[in-house]
Amino acid sequence: MAQTSMIFRLELDHKKVSFGDVAATISRAGGDVTSIDVIRPGHDASTRDITVSLQDNNETAVVEALRRLDGIKVVNVSDPTFLVHLGGKITVQPTMPIKNRDDLSKVYTPGVAKVCTAIAEDVSKAYSLTIKRNTVAVVTDGTAVLGLGDIGPHAAAPVMEGKAMLFKQLAGVDAFPICLDTKDTEEIIRTIKAISPIFGGINLEDIGSPRCFEIENRLAAELDIPIFHDDQHGTAVVTIAGLINALKFVGKRMENIRVVVNGIGAAGVSICKMLLGAGVRHLVPIDRDGAIVRGGTYPHPMWQWLADQPQVEASAGTLKELIADADVFIGVSRARLLNADDVKRMKPGAIVFAMANPEPEISPEEALPHVAVFATGRSDYPNQINNVLVFPGLFRGALDCRARHINEPMKLAAARAIASVVTADELNESYIIPSIFNEKVVASVRKAVIEAAILTNSARRTPKDFR
Ligand SMILES: NC(=O)c1ccc[n+]([C@@H]2O[C@H](COP(=O)([O-])OP(=O)(O)OC[C@H]3O[C@@H](n4cnc5c(N)ncnc54)[C@H](O)[C@@H]3O)[C@@H](O)[C@H]2O)c1
Ligand SMILES: O=C(O)C[C@H](O)C(=O)O
Ligand SMILES: [Mg+2]
């Protein structure tokens with residue numbers, strides 16, 4: 001069951017009702033009082049903010065129960081999640097104050113002109129004399145936002161702002177949310193190319209498949225800064241990291257496991273490719289019409305690529321049929337597609353990564369009793385397998401060594417680095433993947449990415465700590 005919390009502002013008439021009555025009413029309606037703030041104290045009446053933890057968004061039941069109580073006025077109901085979004089989540093800060101005319105003439109006209117001229121004469125100076133060395137554009141068209149689908153560029157913004165916050169807090173990267181009002185592949189490519197001069201890298205986000213593949217490939221070929229579709233590669237990297245450790249925990253090997261991947265979109269395609277690269281020999285890719293089978297013919301070029309791989313199984317079927325006898329289930333599809341009976345039919349030592357956001361393919365309550373390792377993409381359950389473990393450190397590394405692109409060895413190095421943060425004695429069923437608050441994650445990913453970039457000639461600069 002999903003837990004949320006809400007703040008109820010109440011006016012209490014003390015002659016008619018006590019706080020005990022309020023707490024008991026909230027509890028009967030399915031809520032738990034977690035904190036109380038007295039906004040206006042008083043002998044006869046008071047105003048209080050009551051924070052209530054709720055199961056499954058049953059706020060209406062609580063409000064109705066409170067309204068039926070004599071002596072209570074419900075002034076306002078607010079959702080703390082909305083409150084943290086008020087006014088947006090990021091801002092732009094100058095690196096120094098402009099204190100006097102002298103400062104002004106340096107940072108702005110006339111002084112700035114000679115810096116512009118220097119860059120015009122040698123464009124590589126943009127890295128040392130502008131923000132380019134530290135900036136990433138987080139670009140979306142709003143077509144595949146989490147598992148919510150095509151909700152448009154305005155509605156996508158809170159996710160993009162969230163990614164920008166994480167870039168900054170975790171890795172010091174200045175990321176800008178860019179939400180494009182177009183779904184046209186050529187227009188998206190043209191626009192990103194046109195805005196690219198100020199950016200050191202491009203993080204594509206929540207762009208639906210199959211358009212995302214062409215957009216990424218074309219930009220990587222036509223621009224000389226790293227282009228990274230987070231939903232494809234960030235997800236694949238963190239999934240491989242989680243799988244390396246989950247397999248250690250259950251004592252199985254990549255070569256011997258049968259893996260079902262459900263949802264062969266942006267994330268699913270990249271996960272399948274990385275699984276094959278990591279040595280998986282029994283792969284069952286499934287989308288909404290059933291399995292993508294070896295030898296089949298598909299209009300989607302990436303599905304056709306999968307159908308041509310020898311490790312992909314040839315048997316057709318639905319998710320419910322094909323999950324039987326799987327060692328590993330990886331879901332990057334939609335909410336609530338599986339139940340306890342489905343995961344019960346997996347092999348002993350089953351590993352389930354139900355990574356659809358915000359709601360996984362199966363809830364932990366249903367899956368946990370029947371599987372050895374369970375993970376989701378969410379921060380409120382153990383084992384959060386989410387691309388946030390990847391993009392901050394990966395771009396930190398790519399920017400620091402001015403990587404031309406982000407290649408397979410850099411991604412694999414990032415996956416191994418994340419997995420290695422969990423030591424052998426720490427590894428257990430609820431700790432296969434480190435927390436994003438573990439400071440070692442970004443540092444380890446950065447280091448591994450830079451080493452791989454130098455070895456593969458993607459790096460244009462060797463950072464000081466590598467010299
Ligand atoms: N945990 C993470 O870090 C992470 C990262 C990326 C994506 N995701 C989640 O994975 C999901 C997919 O994201 P995406 O960017 O790949 O989107 P996408 O739109 O590119 O792909 C989704 C795919 O799922 C398929 N699908 C839809 N319903 C299905 C069903 N009932 N059975 C099988 N397949 C079905 C679609 O046909 C499509 O191919 C979303 O829920 C997203 O939030 C999680
Ligand atoms: O945004 C997230 O939490 C992860 C991922 O990028 C997603 O689209 O679900
Ligand atoms: Mg995403």
(Q) Set out, in order, the CA-CA distance, both residues' side-chain angles and the distance that settles side chain to side chain contact (heavy atoms under 4.5 Å, CB included) for Asp174 and Val136, then state yes or no. (A) CA-CA 6 Å; Asp174 292 307; Val136 167; over 6 Å; no
Q | Nearest atoms (heavy-atom pairs only) where Ile257 meets Asp327 | A | CA-OD2, 3.5 Å
Q: Using atom types as modelled and distance alone, determine if a side-chain donor or acceptor of Glu205 lies under 3.5 Å from a backbone N or O of Asp230.
A: no
Q: Kindly write out the residues that satisfy side chain to side chain contact (heavy atoms under 4.5 Å, CB included) with Ala171, not counting sequence neighbours, or none if the list is empty.
A: Val173, Pro392, Arg396, Val442
Q: Locate the shortest heavy-atom distance separating Val373 from Ala246; write the atom from each residue and the value.
A: CG1-CB, 4.2 Å
Q: Considering non-hydrogen atoms only, spot the tightest contact between Met6 and Pro80 and give its length.
A: CA-CD, 3.9 Å
Q: Please determine if Glu186 and Arg218 form a salt bridge, counting it only when a charged side-chain N lies under 4.0 Å from a carboxylate O.
A: yes
(Q) Is there a side chain to side chain contact (heavy atoms under 4.5 Å, CB included) between Asn386 and Asn357? Walk through the geometry before answering. (A) CA-CA 9 Å; Asn386 190 298; Asn357 285 319; 3.9 Å; yes
Q.
Assess the residue pair Arg67 and Glu64 against the criterion (salt bridge (charged side-chain N to carboxylate O under 4.0 Å, His left out)); give the C-alpha distance rounded to whole Å, side-chain angles, the decisive distance to 0.1 Å, and a yes or no.
A. CA-CA 5 Å; Arg67 287 212 167 111; Glu64 277 167 12; over 6 Å; no
**Q.** Set of side chain to side chain contact (heavy atoms under 4.5 Å, CB included) partners for Leu148, sequence neighbours left out
**A.** Leu146, Ile151, Pro358
Q. Any salt bridge between Asp342 and Lys320, counting N to O under 4.0 Å?
A. yes
Q: For the residue pair Asn76 and Ser78, confirm or rule out a side-chain donor-acceptor distance under 3.5 Å.
A: no
Q) Measuring from Asp231:CG to Glu216:CD, what's the distance to the nearest 0.5 Å? A) 10.5 Å
Q: Compare all side-chain heavy atoms of Leu389 with those of Val445 and state whether any distance is below 4.5 angstrom.
A: no
**Q.** Partner of Ile385 by side-chain contact (heavy atoms from CB on, under 4.5 Å), out of Ile330, Val238, Thr235
**A.** Val238
Considering only distance and modelled atom types, tabulate donor-acceptor pairs under 3.5 Å from the side chains of residues 260-274, sequence neighbours left out.
unit_1	atom_1	unit_2	atom_2	d
Asn262	ND2	Ser333	OG	3.0
Ser270	OG	Gln232	O	3.1
Ser270	OG	His233	ND1	3.1

**Q.** Considering all heavy atoms, the nearest Thr135-Phe199 contact
**A.** OG1-CA, 3.3 Å
Q. If you measure only the distance, is there a donor-acceptor pair under 3.5 Å linking the side chains of Asp21 and Ser18?
A. yes
Q: Please state whether the rings of Phe391 and Phe167 are parallel, tilted or perpendicular, taking 30° and 60° as the class boundaries.
A: tilted
Q.
Is any side-chain heavy atom of Pro434 closer than 4.5 Å to one of Lys440?
A. no
